[in-house]
Trainee: 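This is the structure I want to talk about, given as structure tokens.
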Amino acid sequence: MSLTWLESVSLEELRKHPLHPLNQPLKMWRYIPAKSWIPDICLRNYGKWRKRRYIDPGIVEVTSETGEKLYLVKVILPVRSSTATLYELCNLADQYGIGWIQASKMGNAIILCNDETKARELAKVLRDRGYLVGGWGPRLRNIKICSCFLTCTTAVIDAVPIEKSLGDALIDYTQKELPALLTIKVSACPNACGGGFDAADIGIVGYPASVPYMEGWRIKVLCPPRLLLDACPVGDITMIKDPKTGRPIGAEIRGMTCMACARITQIPNISKNS
Ligand code: SF4
Ligand code: SF4
């Protein structure tokens, strides 16, 4: 497909083209229209939400120019929740809300209601059952962390106890007003999947005590070379080839962009060789 052709063709024609990804029979594309992921009230008021009012640390009212209102009840969740917790929240969303829960970027569950009385009742029921309802407006949103030791091999620190300790110490700030909203993110290594280098007010990132290579060292490759190159998230590893045969004989850490994440030490069958 040339660029000129792409510029001249309509979206409808492009969608019917045999090379369009959705027309490739070998790939398991499952086309889900975006509208099926959006509640009716949000579709009706798309682009029309105008006003926002905090009526409780855990409830915000948003008003559309059409006059329709939504009440968003925020439940602050830890990084992992049991299926029992999720079922309970889903049942409450059906009982008091419009049957929708939005998962927020900070790891919270936001239950959508269309009636203020029901939203207040829901917040009370949740608090009575021990859930933390709050974090709207100028308050602590949550403490967001990466998946760390349990599911990731690269973790340098364990983020869960840090989240728990900080959460226990700062829980009151999910209810008390602060000068501005507060976000805290914890990542267990410099890959920072949980954030920490980005837009966080407080970021905690695990970092190895020293850079994992020494000058003049080479890594003797016993694993498939591609595996080693792909393991480095910043592409700092380069392959050393035999000048005669062109076959890979080792690898070198250039040190140009290395962020000392130690990810390559997780690959089996590599050894350092001076
Ligand atoms: S930040 Fe590091 S330890 Fe945490 S999930 Fe990402 S790669 Fe794994
Ligand atoms: S420690 Fe450095 S070279 Fe090794 S994988 Fe991480 S960024 Fe790449």
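Order of listing sets the numbers, starting from 1, for every ligand and every atom in it. As the structure is a computational prediction, the values presented were derived from the model and not from experiment. The residues of the chain are indexed from 1 along the displayed sequence.
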Trainee: Provide the number and element of each atom of ligand 1 under 4.0 Å from a heavy atom of A188.
Mentor: 3 (S), 4 (Fe)
Trainee: Counting each atom of ligand 2 from 1 as listed, which ones have a heavy atom of V234 under 4.0 Å away?
Mentor: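 Within the 4.0 Å cut-off of V234, ligand 2 contributes 7 (S).
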Trainee: Answer yes or no: is there a donor N or O on one side and an acceptor on the other, between the side chain of N45 and the main chain of I41, under 3.5 Å?
Mentor: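 A pair under 3.5 Å: yes.
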Trainee: For atom 7 (S) of ligand 1, what is the nearest protein heavy atom, given as residue, atom name and distance?
Mentor: R263 NH2, 3.2 Å
Trainee: Which ligand 1 atoms are under 4.0 Å away from a heavy-atom of A155?
Mentor: 3 (S)
Trainee: Do you see an N/O/S atom of C193, backbone or side chain, under 2.8 Å from atom 6 (Fe) of ligand 1?
Mentor: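 Yes, within the cut-off.
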Trainee: Who's the nearest protein heavy-atom neighbour of atom 5 (S) of ligand 1, and how far?
Mentor: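 For this ligand atom, the closest protein heavy atom is S147 OG, 3.5 Å.
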Trainee: Less than 4.0 Å between a side-chain N and a carboxylate O, is that true for D56 and R127?
Mentor: yes
Trainee: So which protein heavy atom does atom 2 (Fe) of ligand 1 come closest to, and at what separation?
Mentor: C189 SG, 2.3 Å
Trainee: Within a 6.0 Å radius of atom OH on Y173, are there more than 12 heavy atoms belonging to other residues, nucleotides or ligands?
Mentor: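 It does not: Y173 OH has 12 such atoms or fewer within range.
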Trainee: For the side chain of S187 and the backbone of G194, is there at least one donor-acceptor N/O pair under 3.5 Å apart?
Mentor: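 Here the side-chain-to-backbone pair exists.
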Trainee: Of the protein's non-hydrogen atoms, which lies at the shortest distance from atom 4 (Fe) of ligand 1, and what is that distance?
Mentor: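 Nearest protein contact, heavy atoms only, for atom 4 (Fe) of ligand 1 is C146 SG, 2.3 Å.
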Trainee: What distance separates R80 CZ from T151 OG1, expressed to the nearest 0.5 Å?
Mentor: 5.5 Å
Trainee: With the threshold set at 4.0 Å, does a side-chain nitrogen-carboxylate oxygen contact exist between R44 and D40?
Mentor: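 No.
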Trainee: Show me which atoms of ligand 2 lie under 4.0 Å from any heavy atom of C232.
Mentor: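 Here the atoms of ligand 2 in question are 3 (S), 5 (S), 7 (S), 8 (Fe).
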Trainee: So which of R120, R53, R52, K51 actually passes salt bridge (charged side-chain N to carboxylate O under 4.0 Å, His left out) with E61?
Mentor: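 Exactly one option meets the salt bridge (charged side-chain N to carboxylate O under 4.0 Å, His left out) with E61, and it is R53.
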Trainee: Is it the side chain (CB and beyond), the backbone, both or neither of P190 that lies under 4.0 Å from ligand 1, heavy atoms counted?
Mentor: neither
Trainee: Return yes if a side-chain donor-acceptor contact under 3.5 Å exists between T85 and S81, otherwise no.
Mentor: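 No donor-acceptor contact under 3.5 Å links the two side chains.
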Trainee: In the protein, what heavy atom is nearest to atom 8 (Fe) of ligand 1, and what distance, to one decimal place, separates them?
Mentor: C152 SG, 2.2 Å
Trainee: Is C148 close enough to atom 2 (Fe) of ligand 1 that one of its N, O or S atoms comes in under 2.8 Å?
Mentor: no
